[in-house]
Amino acid sequence: MAIRAILKPLSKRHLPLYATSVSRSASTLVLGEHENGLIKGQSVSAVDAAKCLSEDNPVSMLLAGSGPSLKEAAQHAASCHPSISQVLVADSDKFSYPIAEPWAKLVHMVQQRDGYSHIISASGSFGKNILPRAAALLDVSPITDVIEISGSSQFVRPIYAGNALCTVRYTGANPCMLTIRSTSFPVPPSSAASQSNEAPITQVDLSTLDEDSIGKSRYVKHTSQDAERPDLGSARIVVTGGRGLKSAENFRMIEKLAEKLGAAVGATRAAVDAGFVPNDLQVGQTGKIVAPELYIAFGVSGAIQHLAGMRDSKVIVAVNKDADAPIFQVADYGLVGDLFEVIPELLEKIPEKK
Ligand SMILES: Cc1cc2nc3c(=O)[nH]c(=O)nc-3n(C[C@H](O)[C@H](O)[C@H](O)COP(=O)(O)OP(=O)(O)OC[C@H]3O[C@@H](n4cnc5c(N)ncnc54)[C@H](O)[C@@H]3O)c2cc1C
């Protein structure tokens, strides 16, 4: 294994950190996720992370798909971040859906041709699905969930459900492959808007891509959450409910409160397992990682696996009837009380969102 690690204990809450030093000579391929003709914010964060690797680091964004939405996404990629120097577009029916096998072969093929020093993807289900497969094809060890980059080969990542930070040095062959936590590399709104020149868009020659690259998986269907609600991964406010809500019907109170606050809805794994809400709302080690400005938790005990997904939130508010619940150790504001009294009172007092 070509990775060396140094561990250090984590204080009560850690803040995202940025590159402390940068070295020269790198070139990075960022895997771009897109939907409805737009590059997802997480992929823009991956470009921001690439900036921390080296001062002189041309960044190419790789997009795959088919049809008009791919063209729109390529246009968006060309101007969504000033550090993008090239957009590579793989246009084929093979990529109509983001299935890991053809994507991994595409990454392998592009890497064999262009020889990037780094390949980065955001640590969402898109990247977590594709990057390890591509790393296996390229015979390198990926480094996952990076939260800090100190030069081109030294990275920090959380371990033990976020209770310790591990500094790893990559000593393997190129490419060094990373997934990054987008919450640790937030893109300032000015970055996205400040680009006056557009990066060139180049079509990837797919003639050498194996015909058998469809692999063993098959696209079945795509479900996405209510488009009216902010995306959980990037919302400014998240209202989360835990097992304390007791039923799916009671969980509606959380949804109503979120609507009033213009917030995204989150849930603990216990709430998901009990069937209160679908699992795409789960926050935590095996769910989504969030870092909103305000995180409000009702009936959540604060298990380490849950904290792993929300401890970087700027302000944490917890309501729990048990004064000893561990969630109060990370909360900035805590209220010991019954959520069945607190939430109706909040719903009554908070005005309707205009
Ligand atoms: C490998 C692994 C991965 C995991 N990944 C995740 C993950 O990604 N996300 C996650 O959330 N969990 C995860 N878990 C599960 C985790 O360990 C906890 O079991 C889970 O987070 C507990 O959810 P909870 O806080 O809703 O439930 P509980 O721990 O049962 O807590 C419910 C809380 O509600 C309070 N409460 C009850 N009634 C009221 C009331 N009327 N008013 C106010 N408060 C009330 C109680 O005091 C209690 O503190 C994982 C576990 C493992 C082993």
Side-chain angles (χ1 to χ4, degrees), residues 10 12-14 42 122-129 144-145 147 157-164 166 179 181-184 225 231-235 238-258 263-292 295-313 316-349:
L10 183 64
K12 178 182 152 228
R13 280 172 65 187
H14 63 268
Q42 293 188 337
S123 191
S125 39
F126 171 81
K128 285 198 273 192
N129 200 12
T144 55
D145 283 322
I147 60 165
R157 60 187 298 272
I159 55 169
Y160 301 122
N163 279 316
C166 177
T179 64
R181 286 207 178 163
S182 50
T183 49
S184 297
Q225 65 172 47
D231 173 51
L232 178 57
S234 54
V238 173
V239 183
T240 287
R243 185 162 20 209
L245 266 297
K246 297 192 168 50
S247 71
E249 199 188 347
N250 292 338
F251 208 94
R252 279 288 302 143
M253 289 196 299
I254 295 284
E255 289 162 4
K256 275 193 205 144
L257 185 61
V265 172
T268 63
R269 177 155 145 185
V272 168
D273 288 350
F276 301 171
V277 283
N279 69 355
D280 59 337
L281 298 188
Q282 184 178 318
V283 172
Q285 186 189 344
T286 43
K288 296 210 164 106
I289 308 290
V290 302
Y295 189 88
I296 315 176
F298 292 96
V300 172
S301 59
I304 51 167
Q305 295 90 352
H306 185 75
L307 302 185
M310 46 63 78
R311 68 192 319 155
D312 284 338
S313 304
I316 297 172
V317 177
V319 178
N320 195 306
K321 66 179 184 184
D322 175 7
D324 294 325
I327 189 81
F328 289 127
Q329 287 166 24
V330 298
D332 299 283
Y333 299 94
L335 177 61
V336 179
D338 187 336
L339 66 88
F340 293 105
E341 289 167 15
V342 176
I343 300 181
E345 200 176 333
L346 283 170
L347 285 171
E348 195 187 306
K349 294 196 171 148

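For ligands, and for the atoms within them, numbers begin at 1 and follow the listed sequence. All residue numbers in this chain count up from 1 along the given sequence. Source: prediction; values computed, not measured.
Heavy-atom distances between Ala161 and ligand 1 stay at or above 4.0 Å for every pair.
When distances from atom 19 (O) of ligand 1 to the protein are checked, no heavy atom turns up under 4.0 Å.
To the nearest 0.5 Å, atoms CZ (Phe328) and CG (Leu335) are separated by 7.0 Å. Within the model, atoms OG1 of Thr268 and CD1 of Ile327 stand 10.0 Å from one another, a figure rounded to the nearest 0.5 Å. Here the CD-CD1 distance, from Glu348 to Ile343, works out to 14.0 Å after rounding to the nearest 0.5 Å.
Scanning the protein for heavy atoms near atom 7 (C) of ligand 1, the closest one is Gln282 NE2, 3.1 Å. At the shortest separation from atom 47 (O) of ligand 1 among protein heavy atoms lies Asn320 OD1, 2.7 Å. Shortest contact from atom 14 (N) of ligand 1 to any protein heavy atom: Gln305 CB, 3.5 Å. Of the protein's heavy atoms, Ala303 CB, 3.8 Å lies nearest to atom 21 (O) of ligand 1. Of the protein's non-hydrogen atoms, Ser301 CB, 3.3 Å is the one closest to atom 31 (O) of ligand 1. Annotation: atom 10 (C) of ligand 1 to nearest protein heavy atom, Arg269 N, 3.3 Å. Looking from atom 36 (N) of ligand 1 to the surrounding protein, the closest heavy atom is Gly244 CA, 3.8 Å. The nearest heavy-atom contact from the protein to atom 22 (C) of ligand 1 is Ala270 CB, 3.9 Å.
Here is the list of ligand 1 atoms found below 4.0 Å of a heavy atom in Phe340: 41 (N). Close approach to Arg243 involves these atoms of ligand 1, each under 4.0 Å from a residue heavy atom: 24 (P), 26 (O), 27 (O), 28 (P), 30 (O). Every atom of ligand 1 is numbered from 1 in the order shown, and the set under 4.0 Å from a heavy atom of Asp322 is 47 (O). Shown in contact with Val283 at under 4.0 Å from a heavy atom are these atoms of ligand 1, numbered in order with element: 7 (C), 8 (O), 9 (N), 10 (C), 11 (O). Every atom of ligand 1 with a heavy atom of Asp338 under 4.0 Å away is listed here by number and element: 40 (C), 41 (N), 42 (N). Distances below 4.0 Å separate heavy atoms of Gly284 from the following atoms of ligand 1: 7 (C), 8 (O), 9 (N). Less than 4.0 angstrom separates some heavy atom of Gly287 from each of these atoms of ligand 1: 8 (O). Against a heavy-atom cut-off of under 4.0 Å, Thr286 is close to the following atoms of ligand 1: 3 (C), 4 (C), 5 (N), 6 (C), 7 (C), 8 (O).
Here the side chains of Val277 and Val272 are in contact, with some heavy-atom distance below 4.5 Å. The shortest side-chain heavy-atom distance between Met253 and Leu339 falls under the 4.5 Å cut-off. Side chains of Arg311 and Asn163 form a contact here, defined as non-hydrogen atoms less than 4.5 Å apart. Residues Met310 and Val238 are not in side-chain contact: their nearest non-hydrogen atoms beyond the backbone lie 4.5 Å or more apart.
Checked against Leu232 for a side chain to side chain contact (heavy atoms under 4.5 Å, CB included), the options Thr240, Asp280, Val283 give a single hit: Val283. Evaluated for a side chain to side chain donor-acceptor pair (under 3.5 Å) with Arg157, the options Thr144, Thr179, Asp145 yield exactly one hit, Thr144.
Closest heavy-atom approach to atom 44 (N) of ligand 1 among the candidates Glu341, Lys321, His306: Lys321. Heavy-atom proximity to atom 34 (O) of ligand 1, evaluated over Ala318, Ala274, Gly299, is greatest for Gly299.
Considering only residues two or more places apart in sequence or on other chains, Glu249 meets the salt bridge (charged side-chain N to carboxylate O under 4.0 Å, His left out) condition with none of them. Listed by chain and number, the residues in a salt bridge (charged side-chain N to carboxylate O under 4.0 Å, His left out) with Arg243 amount to none (sequence neighbours excluded).
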| Passes side chain to side chain contact (heavy atoms under 4.5 Å, CB included), Tyr295 versus Val300? Steps please. | CA-CA 12 Å; Tyr295 189 88; Val300 172; 5.9 Å; no
| request: Could you walk me through whether Ile304 and Tyr160 pass side chain to side chain contact (heavy atoms under 4.5 Å, CB included), step by step? | output: CA-CA 9 Å; Ile304 51 167; Tyr160 301 122; over 6 Å; no
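On a distance-only criterion, Leu339 and ligand 1 share at least one N/O pair closer than 3.5 Å.
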